[in-house]
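To keep things clear, I will list the structure first and then write my remarks on it.
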Amino acid sequence: MSSSSTPTTQPLLTRCLLIAAALYVLVWSLLPPLLSQSLPLDVVESLSWGREWQWGTYKHPTLGPSVLHVFYMAFGKVGPFLLSQLCIVATLWMVWLTGCRLMSRERAFLGTVLTMGVAYYGWPAIEFNHNIAQMPTWAALGYLYVAALQDGRLHQWLLLGLMAGLGMLTKYSIGIILACMGLYILLSAYRKVLLGPGPWLALVVLCVVMAPHLYWLKTSEWLPFAYAGERAATASDSPRLAALGFLLTQFLNHLPLLCIAGFAVLKARKQCQKEGLAASPWHLHTQHPALLLVLALGPGLLVTVLGVTLGMRLRDMWGTTMWAFSGLVVAACVPTAWLGVMRPRVVRGVGVWLVLLTIFAGIYLTYGAQLRKRPARMDWPAVALAQQAQQTWSQVSSCRLDVVAGDYWLSGLVATAIGSHGPSVLITGDARYSPWVTPQRLQQHGALWLRQEKDMDVYTSPPQPLEAVAQSTDFTVIDGTWNIAWAYDSKAQPLTVRWRAYVPASCVK
């Protein structure tokens, strides 16, 4: 079958795939909020940041959390899950456009479909975080980079710089693919583009987009990097060995893709042999093999090398964004004579994989806590906690509940469940973690400090600046306990939360 036989020339197939994709997005946007009691950990944490409209946090930049907050305000509990799926849709669209520039449209289609065989695009995408937010910017960078190198148009370089800036405002690790792009330009015949204005204008745009965040970094004394240094100090004793484990984990996350592609190859080979179709030699069917390999494999290999040589601590989930183009590599390897035979088998294989994954997700969300005999984060009674917090505060204070203090999970869960316009979160630890909670704000409105029963010995004093304010302000301090039943098992040991209300004199009932 010729490369001209693509989905664009088959309206029926295109419509069927679009309907199936829309149904998949709808199911994965509605199923989790319907079957779960609360939001995932990273979603809760990001919402506690996004609502404050900061230029940065002690962990990451804030573009992702800010967009998440908008979706939460617009769509409620569905918003975070819908946003995750839209990020995947946007990523696949960029992969398709990139593939069309590097190979035939039929191969690009095959590679784009195979991308959904990477496990990161399935269950992990249920939890919107900085990795998921980075997916579309990562893929868009790849597309704009290829377009700029191939066409050399000034607006493509400007868009590349803009997307690089947005990527850096999403998560700093976007620098990995930028490093791969820079190295490829320096080491290939494309180095001649450095004689033109394009790359330098892209760099200027990147700096302009990043300028507010860079200013925030300076004024915060480079807080995210200080926090990362503290985390690195508690890393495993064998970071170099862990780096090799990172690479192994990335391979395991590609197993669904490899199984689907392998099955389709075996079937295609058998059928083509029956029909007497000779397969072309195995090689990358693209005019730009090095460019494809740099985009698809370069970032993952680069971080592994850095981890092994420098002892950098690597997290497995960092690989979430790095494999947007690995499906294109597989598609580029397929002999031309097999493409037409493989396409329906790949589509069916990916479809079966996604259906099985959806069934697993439904079972896990519905019965996971009962099977494990303990709750996951999404099994926590968020609504009950929020109602209890509001009821408790209304009984002791005439002012609105403005600040919930505690660890970022418990306090964030309560604040998020109250609503998008609910209280702010004062995070346990360094006072710089929550710059939006000022001493003046606490003196005016007070705060509700929450701790789990099991953490009473860990958190013996309230977070700063609440502790300092409480010592110098005329607060009425009231202590109490909540015992909240778990939805998955009413007979299980209830969730015990110790609370302490700091009520200003002007708010005391």
Side-chain angles (χ1 to χ4, degrees), residues 36-48 58 127 231 234 365 367-397 401-419 422-431 433-434 437 442 445-471 475-503 508-509:
S36 60
Q37 298 295 316
S38 65
L39 295 169
L41 172 63
D42 286 352
V43 173
V44 168
E45 185 179 35
S46 292
L47 283 172
S48 69
Y58 66 99
E127 185 168 12
R231 292 285 300 272
T234 61
L365 291 172
Y367 303 107
Q370 292 92 321
L371 296 174
R372 293 187 311 271
K373 304 298 183 184
R374 58 185 177 85
R377 297 287 187 177
M378 293 178 69
D379 297 310
W380 278 57
V383 174
L385 281 167
Q387 291 174 344
Q388 191 69 69
Q390 290 177 298
Q391 179 182 347
T392 296
W393 187 256
S394 66
Q395 290 173 348
V396 300
S397 174
L401 178 57
D402 187 56
V403 174
V404 179
D407 69 81
Y408 65 82
W409 167 244
L410 181 58
S411 57
L413 187 63
V414 169
T416 300
I418 288 176
S424 293
V425 175
L426 174 57
I427 304 168
T428 296
D430 194 319
Y433 293 175
S434 310
V437 179
L442 291 170
H445 298 287
L448 182 64
W449 179 32
L450 305 178
R451 293 170 291 174
Q452 294 184 59
E453 176 72 24
K454 66 182 183 64
D455 293 333
M456 291 295 293
D457 295 334
V458 178
Y459 304 126
T460 57
S461 57
Q464 293 291 2
L466 179 57
E467 182 179 17
V469 171
Q471 294 172 355
F475 277 136
T476 296
V477 180
I478 307 169
D479 292 282
T481 303
W482 304 331
N483 290 300
I484 300 177
W486 297 99
Y488 75 92
D489 185 0
S490 59
K491 297 180 180 179
Q493 186 74 20
L495 171 63
T496 301
V497 176
R498 296 291 187 92
W499 60 268
R500 179 177 296 173
Y502 292 84
V503 186
V508 174
K509 277 192 171 181

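Counting from 1, the numbers follow the sequence of the chain as shown. Values below: every heavy atom of this structure, side chains too, minus hydrogens, waters and symmetry copies. Fair warning: this is a prediction, and the values are worked out from it, not measured in the lab.
- Side-chain contact check for Met456 versus Arg498: some heavy-atom pair is nearer than 4.5 Å.
- Formation of a donor-acceptor pair under 3.5 Å by the Ser411 side chain with backbone atoms of Trp449 is not found in this model.
- Proximity of Val414 to Thr416: side-chain heavy atoms (C-beta onward) are nowhere separated by under 4.5 Å.
- We find the CG-OG1 distance between Leu401 and Thr392 to be 10.0 Å, quoted to the nearest 0.5 Å.
- Side-chain contact between Val497 and Leu410: present, with at least one pair of heavy atoms (C-beta onward) separated by less than 4.5 Å.
- Residues satisfying the side-chain hydrogen bond (donor to acceptor under 3.5 Å, both in side chains) test with Thr476, not counting sequence neighbours, are none.
- Residue Leu413 holds its CG atom at 10.5 Å from CG of Leu47, rounded to the nearest 0.5 Å.
- Distance alone, capped at 3.5 Å, places no donor-acceptor pair between the Lys454 side chain and the Thr496 backbone.
- The closest donor-acceptor contact from the side chain of Arg451 to the backbone of Tyr459 lies under 3.5 Å.
- When the shell of 6.0 Å around CZ of Arg372 is examined, it contains more than 12 heavy atoms from other residues, nucleotides or ligands.
- Side chain of Ser48 to main chain of Glu45: a donor-acceptor pair is present (N/O by atom type, distance under 3.5 Å, no hydrogens or angles).
- At least one donor-acceptor pair closer than 3.5 Å links the side chain of Ser394 to the backbone N or O of Gln391.
- Within the model, atoms CH2 of Trp393 and CH2 of Trp499 stand 9.5 Å from one another, a figure rounded to the nearest 0.5 Å.
- Contact annotation: the side chain of Phe475 approaches that of Val469 to within less than 4.5 Å [non-hydrogen atoms, C-beta and beyond].
- The main-chain N or O of Asp42 is found under 3.5 Å from a side-chain atom of Glu127 such that the two form a donor-acceptor pair.
- Checked against side-chain hydrogen bond (donor to acceptor under 3.5 Å, both in side chains), Gln370 has no partners two or more places apart in sequence or in another chain.
- Taking the side chain as every heavy atom from C-beta outward, Leu450 and Val404 approach each other to under 4.5 Å.
- Taking the ring axis of Trp409 as reference, the NZ or CZ atom of Arg377 stays within 45° of it and closer than 6.0 Å to the ring centre.
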Show every donor-acceptor pair shorter than 3.5 Å between a side-chain atom in residues 380-389 and any protein atom, with sequence neighbours excluded, or say none if there are none.
none

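- Separating the CD atom in Gln493 from the CD atom in Glu453 is a distance of 9.5 Å, to the nearest 0.5 Å.
- The side-chain hydrogen bond (donor to acceptor under 3.5 Å, both in side chains) pairs that include a residue from residues 461-470 are Gln464-Glu467, where partners are two or more places apart or lie in different chains.
- Evaluation of the side-chain hydrogen bond (donor to acceptor under 3.5 Å, both in side chains) rule for Ser424 yields Glu52, Arg441 as partners, not counting sequence neighbours.
- Side-chain contact between Ile478 and Tyr502: absent, with no pair of heavy atoms (C-beta onward) separated by less than 4.5 Å.
- Using a 4.5 Å cut-off on side-chain heavy atoms (C-beta onward), Met378 and Leu39 make no contact.
- More than 12 heavy atoms of other shown residues, nucleotides or ligands fall within 6.0 angstrom of atom NZ in Lys509.
- Here Pro375 pairs with Asp379, Trp486, Tyr488 under the side chain to side chain contact (heavy atoms under 4.5 Å, CB included) rule; sequence neighbours left out.
- In this structure, Ala415 and Pro423 approach most closely via the heavy-atom pair CB-O, 3.5 Å.
- Side-chain contact annotation: Thr428 with Asp407, donor-acceptor N/O pair under 3.5 Å absent.
- Rounding to the nearest 0.5 Å places CD of Gln471 at 10.0 Å from CG of Leu466.
- Around the CG atom of Asp479, the shell of radius 6.0 Å holds more than 12 heavy atoms that belong to other residues, nucleotides or ligands.
- The side-chain heavy atoms of Ile427 and Ser434, taken from C-beta on, include a pair separated by under 4.5 Å.
- Here the shortest heavy-atom pairing between Val503 and Ser397 reads CG1-CB, 3.8 Å.
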